[in-house]
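Residue numbering restarts at 1 for every chain, and letters A, B, ... go by the order of the sequence lines.
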Number of protein chains: 4
Amino acid sequence: MGKVDENKKRKKEALFNTAYELFTTKGINSTAISDIVERAGVAKGTFYLYFKDKYDIKNKLVVHKTRELFDAAGNALNEAGISCLEEQMIFIINHVIDTLVENKPLLNFISKNLVMGALRSTLLTGENNDNDIYEKFLELIEKDKYDYADVNVMLFTIVELAGSAGYNSILYSEPLPIEAYKPFLYRSVRLIIKSHRSGTE
Amino acid sequence: MGKVDENKKRKKEALFNTAYELFTTKGINSTAISDIVERAGVAKGTFYLYFKDKYDIKNKLVVHKTRELFDAAGNALNEAGISCLEEQMIFIINHVIDTLVENKPLLNFISKNLVMGALRSTLLTGENNDNDIYEKFLELIEKDKYDYADVNVMLFTIVELAGSAGYNSILYSEPLPIEAYKPFLYRSVRLIIKSHRSGTE
Amino acid sequence: MGKVDENKKRKKEALFNTAYELFTTKGINSTAISDIVERAGVAKGTFYLYFKDKYDIKNKLVVHKTRELFDAAGNALNEAGISCLEEQMIFIINHVIDTLVENKPLLNFISKNLVMGALRSTLLTGENNDNDIYEKFLELIEKDKYDYADVNVMLFTIVELAGSAGYNSILYSEPLPIEAYKPFLYRSVRLIIKSHRSGTE
Amino acid sequence: MGKVDENKKRKKEALFNTAYELFTTKGINSTAISDIVERAGVAKGTFYLYFKDKYDIKNKLVVHKTRELFDAAGNALNEAGISCLEEQMIFIINHVIDTLVENKPLLNFISKNLVMGALRSTLLTGENNDNDIYEKFLELIEKDKYDYADVNVMLFTIVELAGSAGYNSILYSEPLPIEAYKPFLYRSVRLIIKSHRSGTE
DNA sequence: GATGAATGAGCATTCATTCAT
DNA sequence: CATGAATGAATGCTCATTCAT
């Protein structure tokens, strides 16, 4: 990479990181582009060289952060050596929840955009396609000793439940703190998984 | 009510209705207070006589609309004469879903604010407390032939799942159109309910 | 007029006058709305209370100034007591030219917009309709001892010629200073008038 | 011409043509230099190698396009073999009008700049001086069987009248469509020419 | 209570121009 | 010669809020 390209990358990343920082601390609505560029140490016009507007950079950030989150969970799963689908799903959910418990600004930031539909397109689009968590999900399901029907529906239901309930439990300890709620959540997840086993209905 | 008071109420309601109309068509961010007062036919200053700012009227609208939605479902349940808790819960969820399918702007409007935590405070606060859906839920659970443990957790889980999954299914037909997804959703709801029966775990 | 209305009028007129001053000295493109409001001593938002944007105020100024110019010419004609159409037309043109010779910024300002089509609509639209110069023209033509054919064409041709040639002669003394060019211009105007007399063609 | 020089010329012409295209479609004010270079396929800095700014390229375009317009008229006149000045002038005016009727963007573009003063300097400055239309005018006048006084004034008056009246008639059909207005215009032109014949006044 | 004129801080966006490569 | 990333001044416009009437 030439000197110029390096410089470009550095500026773009400075904007990216600064925007994330400000969005999570001040909120998106209260963050002006002037704030971002000022703190990132670039000129105002430079922002528009790389992003269309505030919502463009926001969307790109959501995709990026979500991908990071699930990639980490996927990698941890690989090292954990768990073979049963139920335990694998719980492991991933648990890993994501634990990460978000430690990083509530991130939870706040991506939660409003983390729904299964967006998730799938988010995780499928992008650079390192060999590490796609959605593909990984399908693979895990494939390899399990049981057969599953309506796989998409199953994943969707689990993600919506875990995302929505997890969000409130982590942020507001409502109806229980997340650690106390986890057993209930995982019990429901297991029930949903089991209900999708072929010949179970 | 005196003539003056009537006039006051009329103005306040005009603002209320106009705000709802504009929020659902233009979006909250793109709706200016000028838009509301202009369309409502009152002066700008009058707005501040009744509401603190745009978000004040928004919150009051969410509470109001959510209450209407669940009150209708509760009333319909009363007339339906269903005695089993499982069927009662499904009936209510189904009634709400069907209403929102017919009224997507309303879905859009309340969805971003309809989470169990908000729901409870929403439904418990307000004018006609004898008709509270949350109290009704507790009552229905009480009357069922089974006993239930961790009732709050159960309601929370169901509302989060139905709210989050229903929202996407209705608006984006994702992963299935709502009518096709309903059987899966209701199966999960039933499993969650059953898992809360005392001595079931 | 109440105190409030007086105030409104004063602000609007301050903007109007300041805009004219700046447009004629700095040019329209180089005049920012900030310049106008600052000099007029009102807040920026106030500008948008009365005008849509810079071009709105410009158009309204052109109409206003053009009307003033022709009204003055018409009034002078009334007092001059000239009965022959040829002399009346020359009188008006001459009066306008002489005014603009003394007020080149005004010439510059309205010239780019002074075409017969605009002129007619300009002069016909507005407040004091009884003094419309276009109507007056038609009246003068009507009263003349000769009959005229294609009156609209005649007026158009004269206005275009006098406007376009006058503009250059006054501003650039090109091909002659206006006083030297006048005899040629008026000779042409007379020829055009005569050529429109019925039965002359 | 060397390969490098050819390349230079190609870039300059690309900028020239693209600028004309954009000026006539989007308007000069709304055309940014970025637009021009982007569409022309050259780098931004390259623009400044050949032109000082937007108004520099605009002026050069006006000169270029006006010259083309009158050269074509002059060439057509040569082939038409008309000997009388009156008819020659009408021929040229008519040729220019007909061209502009077919090419209204061009009319729009040059009209705001086409006044006799500019015309003369335009037509006299430039590359192929032997074909200058202004010189040609003088030559035609010289050769006519009549003698003419105040030749500059005559040409000026005719150009201003035809330019100004033609512009409105073509673009706005005001006060008549150009074809209907032509007889009136040409009658006036003839009268102006005749009035300049020596010993006529 | 009701009005609506006035405010002015605040913000997104554009764009001509420069200059290191 | 050519490039195009970077700049940052400039500016139009919005809008919540106030307050005299």
Sort out the partner of E:dG4 for me: Watson-Crick or G-U wobble, both distances under 3.5 Å, none otherwise.
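E:dG4 is paired with F:dC19.
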Any pair with a residue in residues 12-22 of chain B that passes salt bridge (charged side-chain N to carboxylate O under 4.0 Å, His left out), sequence neighbours left out, goes on the list, sorted by first then second residue, please.
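Sorted result for residues 12-22 of chain B: B:Glu21-B:Arg39.
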Atom pair distance, as rounded to whole Å: CG in A:Asp5 and P in F:dA5:
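Distance, rounded to whole Å: 9 Å.
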When the distance from NZ of A:Lys11 to C1' of F:dT7 is rounded to whole Å, what number comes out?
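Rounded to whole Å, this separation is 9 Å.
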Is the distance from OP1 or OP2 of F:dT7 to the nearest side-chain N or O of A:Tyr48 less than 4.0 Å?
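It does not, given that no N or O in the side chain of A:Tyr48 lies less than 4.0 Å from OP1 or OP2 of F:dT7.
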D:Thr46 side-chain N/O to F:dA2 phosphate OP1/OP2 under 4.0 Å
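D:Thr46 to F:dA2 OP1/OP2: no side-chain N or O under 4.0 Å.
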Under 4.0 Å, heavy atom to any atom of DNA chain E: which of residues 20-39 of chain D qualify?
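Here the set is D:Ala32, D:Ile33.
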Select base, sugar-phosphate, or nothing to describe what A:Lys8 touches, counting heavy atoms under 4.0 Å on all strands.
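Sugar-phosphate contact only.
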Which part of the nucleic acid, if any, lies within reach of D:Phe47 when heavy atoms closer than 4.0 Å are counted: base, sugar-phosphate only, or nothing?
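It contacts nothing in the nucleic acid.
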Answer whether the closest heavy-atom distance between the side chains of B:Leu61 and B:Phe109 falls below 4.5 Å.
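Yes - at least one pair of side-chain heavy atoms lies under 4.5 Å apart.
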Short question: side chain of C:Asp35, backbone of C:Ala32 - any donor-acceptor pair under 3.5 Å?
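Yes, the answer is positive, given that a donor and an acceptor are paired below the 3.5 Å cut-off.
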Side chain of A:Leu49: nearest nucleotide among E:dG4, F:dT3, F:dT7?
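Of E:dG4, F:dT3, F:dT7, F:dT7 is nearest to the side chain of A:Leu49.
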Closest approach to the side chain of C:Lys54, judged atom by atom: which nucleotide of F:dG12, F:dA2, F:dT3 is it?
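Ranking F:dG12, F:dA2, F:dT3 by closest atom to the C:Lys54 side chain puts F:dG12 first.
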